[in-house]
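The analysis underlying the following values was restricted to heavy atoms, covering all of them including side chains, and did not include hydrogens, waters or symmetry mates. All chains are named by letter (A, B, ...) in the order of the sequence lines, taking the proteins before the strands, and each is independently numbered beginning at 1. It should be emphasised that the depicted structure is a prediction, and the values quoted were computed from it without experimental measurement.
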Amino acid sequence: MRRWSKLFIPTLREAPADAEVASHKFLVRAGYIRQLAAGIYSYLFLGQRSMEKIINIVREEMDTIGQEFLLPAIHPREVWEASGRWSVMGDNMFRLKDRSGRDLCLGMTHEEVMTEIARKELRSYKQLPQIWYQIQNKFRDEPRPKSGLLRVRQFTMKDSYSFDIDADALDVSYKKHYDVYCRIFDRCGLKYMAVEAHSGAMGGSMSHEFMVFTEAGEDMVAHCAACGYAANLEKATSKLDVIEDLGASGDGKPELVETLGMKTIEDVAKFLGVSPKQKMKTLAYTASEIDKKTGETRNSPVIVFMRGDHMLNEAKFSTAIGGKTFRPMQPEEIEKVFKSPAGYLGPIGIPNTDGVLIIVDSALKGRKNLVAGANKENYHLKNVTPERDFPVANWADLRNASEGEGCPNCGAPLKVAKAVEIGHIFKLGYKYAESMGARVLDKDGKEVTPIMGSYGIGIERILTSAIEQSNDENGFFLTPAIASFDVIIVPTNISDAALMSAAEQIAKELEDAGYDVLFDDRDERAGVKFKDADLVGIPFRINVGKKVSEGKVELVRRSTRESQDANIAGIAETFKSVINQL
RNA sequence: CGGGGCGUGGCUCAGCCUGGUAGAGCACCUGGUUCGGGACCAGGGGGUCGGAGGUUCAAAUCCUCUCGCCCCGACCA
């Protein structure tokens, strides 16, 4: 039992002015966290208790499939050079030097260090499969930390890594993680969804993200209520309605039309009386990559053609250009490289396209008589038909799927909603094992590369997304499994001896029954204690007040505000039956 | 990286435009009255106004630089 009067639980009436999302406001107001710097937080007593509860659930479940390690947070440059990610990670990596000038970094993930162990230690297929995990701090110098604990620069992650002899065995390790993740998030009381995901900087093939839908989220997820299809927008595809192409005008060949001063899709479409869907737009980018030998940055132009009303999906684009970094070209660059005014770029007769990568979005496949830029100031072209009027070497799916478009599996309308990513599982394949030289002997005595998976859970995000899902104007409520306490006992008047001894007795009985009990013995008015109790996320409250003379107390469920009178005699049994109903 | 906003007791903010030597509410301490949904009265402690430089007789206030924090954008011809 913990006595509030002796604890440090600095609750605030008002949220800090710069807090925007519910979890940030309430974590601060409830005295869970305090900010030290942008994206860097201290966890106080209640916050640390909830974190520990979550961590224990994660550990219990992970122990059913893997073994817990603890790796260093500080890494030598060499292991990151070995995987090629010392440069890939760029400014997101915290870097430092030791006293003799050697480069070090703070671990933002641990593929390299785990693979280093595997490389040195694993020798035989008989040692496989292995699943190694840890629960540890990660450091990422985010360009924009935000929303309290939702996007931070130091956070706690459960990360695990599997090593298997072949792809079939990896499937097993992957599935084990998928199932364990579901159990973990179920126990934490989250409503979540597993969605297909883009692999990003981790590399690899298949991956799923575990998402919690909330407006505070930064990811967009497309999902289908009819068949269960769900994918991050970075990966999601959709079926498009068939667009009726325009009829050919004139001789059917590309035809110049004057579009004086019109540079945007909307202006041109409106002016010509067509839909943006009948247009194609031209996007010009500069892709850059660092030459591994010389260390020089090499820039190359990339042009993308898309349907006028579609948006480029940067994740898909990044994949299409082999993971290079990219940025939109400035108008001056466009004019310099393509001799065409920005705003009038188009597919036909662009000058200087040698060495330019041209990618066409698959939504333009089979389309005819589109309107496109003419590469000439104040002019567009009609009757532009891909493959007839200009060659297409690269088709790719580059567009964002949108709400209302057809599910790729069943055709029902897709929903698109914001979500927070709480977990991510990847089939990494051979990327790290190969680049870092991990090898084992198979049963034929042949040297083979083990295949890897990597799997992460953001501990703080379990807490924040739980709060985002379960809060009201007075505070938030967590499921007992992750709440800092199961129940708070509130004697309404501490100077009433009978009332206090009843409260003490109840607190002790509940504690003896195995519950985490917070006893609010502060000399405060009842109203103050009720407000605080509502704020701090504890799922149950027992008010010990006047009804003590009748042998009764009030048992209040925080989430619904339901209150029931309960006999003091047998309170532990009563509480047990109530809490087990959740 | 671009744009915007904000830095004044622990918290929320006023004062700044129009320079004259810092204020409210909450929180905190003492005493009293209260005591089931953030009480009231009285008294009290606490602030180099983010930092540096400048203008001025005088700077929280005006100017320059700088640091920090928050938000938006990084979707585009």
Side-chain angles (χ1 to χ4, degrees), chain A residues 8 10-21 24-25 28-29 31 34-41 90-91 143-148 151 153 218 233 259 261-268 279-286 302-306 308-317 325-335 337-338 340-346 350 372-375 377-378 380 398-400 402 473-475 490-496 499 520 522-535 541 543-548 553-554 556 561 563:
Chain A
F8 183 64
T11 59
L12 266 24
R13 285 199 189 197
E14 285 169 291
D18 49 26
E20 301 260 321
V21 302
H24 186 195
K25 288 179 185 169
V28 173
R29 281 193 57 202
R34 288 294 184 261
Q35 185 179 36
L36 179 64
I40 304 177
Y41 286 84
D91 289 339
R144 225 185 111 194
K146 59 187 286 201
S147 307
R151 177 164 295 279
R153 298 196 291 170
E218 297 185 278
L233 214 57
T259 49
M262 294 175 187
K263 295 193 174 191
T264 68
I265 300 284
E266 291 73 29
D267 288 348
V268 174
K279 278 208 74 209
M280 52 185 286
K281 64 176 170 184
T282 305
L283 312 177
Y285 285 88
T286 296
V302 185
I303 284 183
V304 175
F305 298 120
M306 308 191 70
D309 60 325
H310 284 160
M311 289 200 291
L312 180 75
N313 182 303
E314 298 195 351
K316 292 177 180 176
F317 182 54
T325 58
F326 58 90
R327 59 173 177 77
M329 274 193 185
Q330 302 296 318
E332 311 80 66
E333 291 177 279
I334 292 177
E335 293 186 28
V337 177
F338 301 114
S340 166
Y344 297 94
L345 264 186
I350 313 179
N375 298 310
E377 183 93 39
N378 297 327
H380 278 73
L398 296 177
R399 71 183 168 87
N400 266 339
S402 307
E473 64 283 3
N474 294 312
V490 181
T492 57
N493 180 359
I494 70 160
S495 51
D496 182 328
L499 198 151
D520 193 351
R522 292 176 299 165
D523 184 11
E524 291 285 355
R525 297 159 64 85
V528 172
K529 297 209 253 190
F530 293 158
K531 287 285 186 192
D532 272 345
D534 283 352
L535 176 60
R541 180 173 92 218
N543 294 337
V544 183
K546 293 189 185 109
K547 292 175 195 157
V548 162
V553 292
E554 289 160 4
V556 184
R561 295 301 190 82
S563 172

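Searching all strands for a Watson-Crick or G-U wobble partner of B/U34 with both distances below 3.5 Å returns nothing. With a cut-off of 3.5 Å on both Watson-Crick or G-U wobble distances, the partner of B/C16 is given as none. Taking a pair to require two hydrogen-bonding distances under 3.5 Å in either a Watson-Crick or a G-U wobble arrangement, B/G7 pairs with B/C67.
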Listing time: all N or O pairs from protein to nucleotides 68-70 of chain B that are below 3.5 Å?
{"unit_1": "B/C69", "atom_1": "OP1", "unit_2": "A/A38", "atom_2": "N", "d": "2.8"}
{"unit_1": "B/C69", "atom_1": "O3'", "unit_2": "A/Q35", "atom_2": "NE2", "d": "3.4"}
{"unit_1": "B/C69", "atom_1": "O2'", "unit_2": "A/D18", "atom_2": "OD2", "d": "3.3"}
{"unit_1": "B/C70", "atom_1": "OP1", "unit_2": "A/Q35", "atom_2": "NE2", "d": "3.0"}

Nucleotide N/O to protein N/O under 3.5 Å, stretch nucleotides 24-29 of chain B:
{"unit_1": "B/A27", "atom_1": "OP1", "unit_2": "A/R13", "atom_2": "NH2", "d": "3.2"}

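When each of A/L312 and A/A526 is assigned the nucleotide of RNA chain B bearing its nearest heavy atom, the one mapping closer to the 5' terminus is A/A526. Take the nearest nucleotide of RNA chain B for A/A15 and for A/G527: the residue whose nucleotide is more 5' is A/A15.
Nucleic acid contact class of A/P143 (heavy atoms, under 4.0 Å, all strands): none. At the heavy-atom level, A/R541 lies under 4.0 Å from base atoms of the strands shown. A/L345 comes within 4.0 angstrom of nothing in the nucleic acid, heavy atoms only.
Whole-Å rounding puts the A/F8 CZ to B/G10 P distance at 13 Å. The distance between atom CG of A/D534 and atom C1' of B/G37, rounded to the nearest whole Å, is 8 Å. Going from atom CZ of A/R525 over to atom C1' of B/A39 covers 4 Å, rounded to whole Å. Remark: C1' of B/A39 and CG of A/D523 are 13 Å apart, rounded to the nearest angstrom.
Between the C1' atoms of B/G20 and B/A58, the separation comes to 7 Å (whole Å).
With sequence neighbours excluded, the residues that form a salt bridge (Lys or Arg N to Asp or Glu O under 4.0 Å) with A/K146 are A/E218.
With rounding to the nearest 0.5 angstrom, the NZ atom of A/K316 is 7.0 Å from the CG atom of A/L233. The CG atom of A/L36 lies 10.5 Å from the OH atom of A/Y41; values are rounded to the nearest 0.5 Å.
The residues A/D496 and A/K546 are annotated as not salt-bridged, no charged nitrogen and carboxylate oxygen being separated by less than 4.0 angstrom.
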